[in-house]
Amino acid sequence: MEQNKEGNNVADDNSDLPTKKTINFFPPLYRQRYSFVNDLVNQHKPKKVADLGCGNALLIQTIKSHSCLELIVGVDINEDKIVSRRCKLSPFSGDYLSPRDLNLSIILYHGSAVERDSRLLGFDLVTCIELIEHLDSQDLARFPKVVFGYLSPAMVVISTPNSDFNPLFPVVTLRDADHKFEWNREQFQTWALGVASSYNYSVEFTGVGEPPEGAGNVGYCTQIGVFRKIGARAATPCAKEQCGEHVYKVVYSVSYPSLQQKEVRKLALVNEVSRQVQSLRQSYISSLSGPQRGDPHRPEARGNGLTAFSGPVFTELEKLNIEKSPKPFCLGNKFYVPLERLLAYPKVNRLCDNVETMRALLAGSVRLSRDSSAVTLDLQDESQ
Ligand code: SAM
């Protein structure tokens with residue numbers, strides 16, 4: 001199997017080839033391929049990414065935390081593979097407590113990369129990681145027509161085994177039983193340059209998986225072509241195309257919580273405000289019993305105990321903003337934190353940038369002062 005051949009655990013049990021050793025890649029080669037794509041996403045900030053031949057969607061799982069991404073689509077011909085790890089793509093509690101700025105949807109389709117489906121039009125990046133060598137000659141001929149001619153994304157990344165590297169493996173065969181071919185660098189580059197010129201793309205060649213020292217000029221274990229559409233951004237799908245060809249079957253779909261969703265924003269704000277108010281109250285209570293010697297982490301609790309820079313590290317500007325905002329205060333057994341003070345904290349400000357919206361979002365979930373200008377708590381009530 002390919003994973004063995006390229007990977008970490010091939011036992012050199014062929015007595016005819018005693019000098020050839022297992023090649024261990026660190027990180028494993030598949031991880032290096034995912035890192036390559038991850039770096040591209042980081043660099044080019046695509047909004048929409050489609051991974052053709054996504055397998056168990058591990059690449060999608062690797063890149064999904066990029067804040068630029070709004071839609072990630074995976075397509076694979078093997079339905080069992082796609083669904084095998086789909087739960088790893090679901091949001092977890094941290095995604096609700098600290099939501100993304102932008103919406104993100106992930107959709108997995110069962111279908112073939114050589115079929116046209118209009119829902120994949122208008123993408124910024126299409127990745128085909130270790131896919132093309134699984135296509136027979138008919139499908140390989142259809143592949144550029146669909147990916148470059150029809151989908152026509154701004155960027156395409158294609159990776160495939162480099163057969164120049166294969167003699168370094170203990171047993172020289174195809175790396176996987178399902179591979180229809182493995183190209184050397186010249187074959188891949190000739191094909192890729194032909195595709196690029198037919199569909200008005202440029203292409204650059206690189207790879208991952210460095211050969212061992214002294215291996216000679218064999219190139220990377222995985223060769224990669226990065227295609228960029230010349231003089232154009234991603235195609236904008238027209239309405240006709242959008243509702244045109246839907247041949248893929250949706251097998252999984254999920255939407256991530258984001259600050260664009262009012263209920264999510266409200267929940268995150270209530271959480272952050274409650275946390276901040278409790279922390280300020282705690283600082284105040286601690287300051288009443290005087291500064292504790294030897295505790296360098298509570299500098300602002302000296303003085304009146306109402307500044308509280310505990311928690312995250314603030315920049316000088318952020319500290320200044322907090323200091324010049326209205327201070328928390330106490331009246332009887334009540335502790336008050338003005339909304340304007342809360343707004344000065346960057347984590348709160350990210351969720352809401354004016355007092356009116358904050359008041360409206362907090363109403364009903366957090367106790368406000370009579371004039372609704374501050375959040376209030378009982379000073380001593382730990383249950384709050
Ligand atoms: N890209 C994944 C990765 O790097 O982890 C999986 C690579 S695996 C070697 C090749 C994948 O391509 C398999 O999951 C296989 O089912 C899929 N595949 C093969 N022919 C396909 C086709 N015509 N359309 C879509 N997927 C295909």
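Remember, it's 1-based here, ligands and their atoms both numbered in the order they're listed. Any value given below was found using the heavy atoms of this structure, including those in side chains, with hydrogens, waters and symmetry copies removed.
- At most 12 heavy atoms of other shown residues, nucleotides or ligands fall within 6.0 angstrom of atom CD in E204.
- Those atoms of ligand 1 that come under 4.0 Å of a heavy atom in L131, given as number and element, are 12 (O), 18 (N), 19 (C), 20 (N), 21 (C), 26 (N), 27 (C).
- For V114, the heavy-atom gap to ligand 1 stays at 4.0 angstrom or more.
- Residues N103 and Q261 are in side-chain contact: their nearest non-hydrogen atoms beyond the backbone lie under 4.5 Å apart.
- Between the side chains of E245 and S118, not a single donor N or O lies within less than 3.5 Å of an accepting N or O.
- With a 4.5 Å cut-off on side-chain heavy atoms, L342 and M358 count as touching.
- Between D139 and ligand 1, no N or O atom pair is found at a separation short of 3.5 Å.
- Each of the following atoms of ligand 1 lies closer than 4.0 Å to a heavy atom of G111: 24 (N), 25 (C).
- Taking every non-hydrogen atom of N78 and a distance limit under 4.0 Å, the qualifying atoms of ligand 1 come out as 16 (O).
- Of all the heavy atoms of L52, none lies under 4.0 Å from any atom of ligand 1, so neither backbone nor side chain is involved.
- A donor atom on one side chain and an acceptor atom on the other are not found under 3.5 Å apart for S372 and R359.
- Residue-to-ligand polar distances place G53 within reach of ligand 1: an N/O pair is separated by less than 3.5 Å.
- Judged purely by atom type and a 3.5 angstrom limit, R281 uses its side chain to pair as donor or acceptor with the backbone of D378.
- Counting non-hydrogen atoms of neighbouring residues, nucleotides and ligands closer than 6.0 angstrom, the NZ atom of K88 reaches no more than 12 such neighbours.
- Against a heavy-atom cut-off of under 4.0 Å, I129 is close to the following atoms of ligand 1: 1 (N), 2 (C), 4 (O), 7 (C).
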Evaluation steps, side-chain contact (heavy atoms from CB on, under 4.5 Å), between L97 and L267: CA-CA 8 Å; L97 293 174; L267 177 71; 5.6 Å; no

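- Note: Y220 and F165 fail the aromatic proximity criterion, with ring centroids not under 6.0 Å apart.
- Within ligand 1, the atoms closer than 4.0 Å to a non-hydrogen atom of G55 are 14 (O), numbered from 1 in the order shown.
- Residue contacts with ligand 1: C54 is placed with no nitrogen or oxygen under 3.5 Å of a nitrogen or oxygen of the ligand (distance criterion only).
- Compare E79, K81, H134 by their heavy atoms: the one nearest to atom 13 (C) of ligand 1 is in K81.
- Residue contacts with ligand 1: R33 is placed with no nitrogen or oxygen under 3.5 Å of a nitrogen or oxygen of the ligand (distance criterion only).
- In this structure, a donor-acceptor pair under 3.5 Å is absent between the side chains of S137 and K180.
- With a 4.0 Å heavy-atom cut-off, ligand 1 is reached by the side chain of Y34 but not by its N, CA, C or O.
- No heavy atom of L59 sits closer than 4.0 Å to any atom of ligand 1.
- In this structure, of K180, E130, H110, R175, the residue bringing a heavy atom nearest to atom 8 (S) of ligand 1 is E130.
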